[in-house]
Amino acid sequence: MGKLGNLGARLHHGEIGYDFVKNRKLWYGISILITITAIVGLAVRGLHMGIEFQGGAVFTTPKNMSVSVSQAETYAEEASGHDAIVQKLGDGSLRIQIAGTDTGASDRIKGELSKELDVPAEKINADLVGPSWGDQIANKAWQGLWIFMVLVVIYLAIAFEWRMALAAFVALIHDITITVGIYALVGFEVTPGTVIGLLTILGYSLYDTVVVFDSLKEQTRDITKQTRWTYGEIANRSINSTLVRSVNTTVVALLPVAGLLFIGGGVLGAGMLNDISLSLFVGLAAGAYSSIFIATPLVADLKEAEPQMKALKKRVLAKRAQAAAKGEPAENAVDEERYDAADDDEPGDAAAAVVGPRNQPASRVRGRGRPSGKRR
């Protein structure tokens, strides 16, 4: 943990870091490829909607059934003439779902299952689910999703700026598309638990993004009054300074979700856990990825298209070229400007001189080859 803490401190102070913004085209390409795969999977395979959305009957057998899942599935499909989904619950009972059945068909199927499973009919519990209830659930979910999106965009546009709001919106769409596409490719059933999971991951995805945006907003205050860093470079430093925090929060959130998915769903066979845990697991991972590799680099692209940021970038590059022509490292130009700002009588200029993280020791700020007193 000490090494990890030291790494986080060095990232925060800009002593080390990875250039996420510079390699943004690579991340964009990877995200586009994953998103296209998800969309193709959704178009080809479609979503396996649960009985709550299609309507049908759910039959629950007594505990400790000796019949296997595959046998029960065969019996149910032969009795109903429709595809059936059979899950073995933790107490040994079977949950049999058959879509597209009405009350009359349900009674007949129940009788057939009673004979095939060798269980008295009165011990098989049958529940009917109407498709209208599923339609209401789906409509409410879509309404909640769009209301959430609109409120998020409005809030980010007010708290930060419209470019950050747009980048966060793109990141959220990216996360939802990937999660839904994974559901289509894996073939997991979409239930109300899935909808809850999808709505939950939006908050997690937005949390990491807002953390980076807040750091970026603070570090780019009065950015045009200095000539040390471009907007993209400060955006990259913001990602690095919050990287360990984002990774830690994501891993801590993923561990219990992974337990639900792989142990609760895979080992114990709890079907409802599969539905909600898969959406949470994929959504959390996609949200952490998008906040680092998509949202902030996209903000940097949008900001550097502004005339002010273009002019700033030209000044920064010109100053570095001038320092290189004199045979001086680029960091010398940084130290010179800090020295000048520290000796300036105007506090506004001194404040502007510290835009961006300080990655130089304080002892070097006093200037090189100059007396420590005030210049004359």
Side-chain angles (χ1 to χ4, degrees), residues 7-8 10-35 149 152-153 155-178 201-224 226 228-251 253 283-306 308-310 312-313 316 355-359:
L7 174 63
R10 296 180 67 190
L11 285 167
H12 180 75
H13 292 293
E15 296 174 10
I16 60 174
Y18 180 79
D19 202 340
F20 294 98
V21 175
K22 181 179 179 181
N23 298 306
R24 59 188 178 276
K25 291 184 179 179
L26 173 62
W27 316 131
Y28 293 164
I30 293 174
S31 294
I32 291 172
L33 180 61
I34 296 175
T35 303
M149 291 287 194
V152 163
V153 170
Y155 168 76
L156 292 179
I158 295 173
F160 299 100
E161 59 172 298
W162 69 266
R163 295 166 191 82
M164 291 184 177
L166 177 60
F169 179 79
V170 171
L172 289 175
I173 296 296
H174 167 273
D175 300 341
I176 293 174
T177 303
I178 290 178
I201 64 173
L202 299 179
Y204 279 102
S205 174
L206 191 63
Y207 172 78
D208 284 335
T209 302
V210 169
V211 167
V212 181
F213 283 179
D214 185 64
S215 174
L216 180 57
K217 178 184 177 181
E218 183 67 24
Q219 297 189 53
T220 55
R221 188 170 296 162
D222 296 328
I223 184 176
T224 56
Q226 54 83 49
R228 297 195 311 276
W229 317 105
T230 65
Y231 190 94
E233 290 169 344
I234 297 179
N236 189 70
R237 288 169 178 269
S238 297
I239 298 175
N240 280 281
S241 66
T242 59
L243 182 61
V244 171
R245 176 181 180 179
S246 297
V247 171
N248 284 340
T249 54
T250 301
V251 170
L284 287 173
Y289 171 85
S290 64
S291 64
I292 296 171
F293 297 96
I294 303 299
T296 308
L298 182 57
V299 170
D301 276 336
L302 294 173
K303 287 292 292 185
E304 291 194 332
E306 293 181 345
Q308 285 185 331
M309 295 302 126
K310 287 182 178 179
L312 172 63
K313 188 172 184 179
V316 171
V355 174
R358 302 182 182 94
N359 65 340

Side-chain ([X]) to main-chain ([Y]) donor-acceptor, under 3.5 angstrom:
| X | Y | answer |
| --- | --- | --- |
| Thr296 | Ile292 | no |
| Gln226 | Trp229 | yes |
| Arg24 | Val21 | yes |
| Thr209 | Ser205 | yes |
| Ser215 | Val212 | no |

| query | Does a donor on one side chain sit under 3.5 Å from an acceptor on the other, for Thr249 and Tyr207? | reply |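 Short answer, no.
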| query | Do the side-chain N and O atoms of Tyr28 and Asp301 include a donor-acceptor pair separated by under 3.5 angstrom? | reply | yes
Looking at every non-hydrogen atom in both residues, tell me the closest pair between [X] and [Y] and how far apart they are.
| X | Y | value |
| --- | --- | --- |
| Val152 | Leu206 | CG2-CD2, 3.6 Å |
| Ser291 | Asp208 | OG-CB, 3.4 Å |
| Val153 | Ala165 | O-CB, 3.5 Å |
| Leu302 | Arg163 | CD1-O, 3.8 Å |
| Ala295 | Ala167 | O-CB, 3.4 Å |

| said: I'd like to know if Lys217 pairs up with Glu161 as an ion pair, taking the criterion as any Lys NZ or Arg NE/NH1/NH2 lying under 4.0 Å from an Asp or Glu carboxylate oxygen. | reply: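 A salt bridge is absent here (no side-chain N lies under 4.0 Å from a carboxylate O).
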| task | State whether Arg228 and Glu233 are salt-bridged, where the test is any N-O pair (Lys NZ or Arg NE/NH1/NH2 against Asp/Glu carboxylate O) under 4.0 Å. | result |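 No, Arg228 and Glu233 are not salt-bridged.
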I want to check something: taking the side chain as every heavy atom from C-beta on, are [X] and [Y] in contact at a cut-off of under 4.5 Å?
| X | Y | answer |
| --- | --- | --- |
| Thr230 | Met309 | no |
| Met164 | Val210 | no |
| Leu216 | Val299 | yes |
| Phe20 | Leu243 | yes |
| Lys313 | Glu304 | yes |
| Thr177 | Ile34 | no |
| Asp214 | Phe160 | yes |
| Thr220 | Lys303 | no |

Just verifying a value: how many Å separate [X] [atom1] and [Y] [atom2], rounded to the nearest 0.5 Å?
| X | Y | atom1 | atom2 | value |
| --- | --- | --- | --- | --- |
| Phe293 | Asn23 | CZ | CG | 9.5 Å |
| Ser290 | Ile178 | OG | CD1 | 8.0 Å |
| Ile239 | Asp19 | CD1 | CG | 9.0 Å |
| Asn248 | Thr242 | CG | OG1 | 11.5 Å |
| Thr35 | Ile30 | OG1 | CD1 | 11.5 Å |

| task | Hey, can you tell me if His174 and Tyr289 have their rings parallel, tilted or perpendicular (30° and 60° cut-offs)? | result |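 Aromatic pair His174/Tyr289 classed parallel.
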| Is the CD atom of Glu306 crowded by more than 12 outside heavy atoms at less than 6.0 Å? |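 Above 12, so yes.
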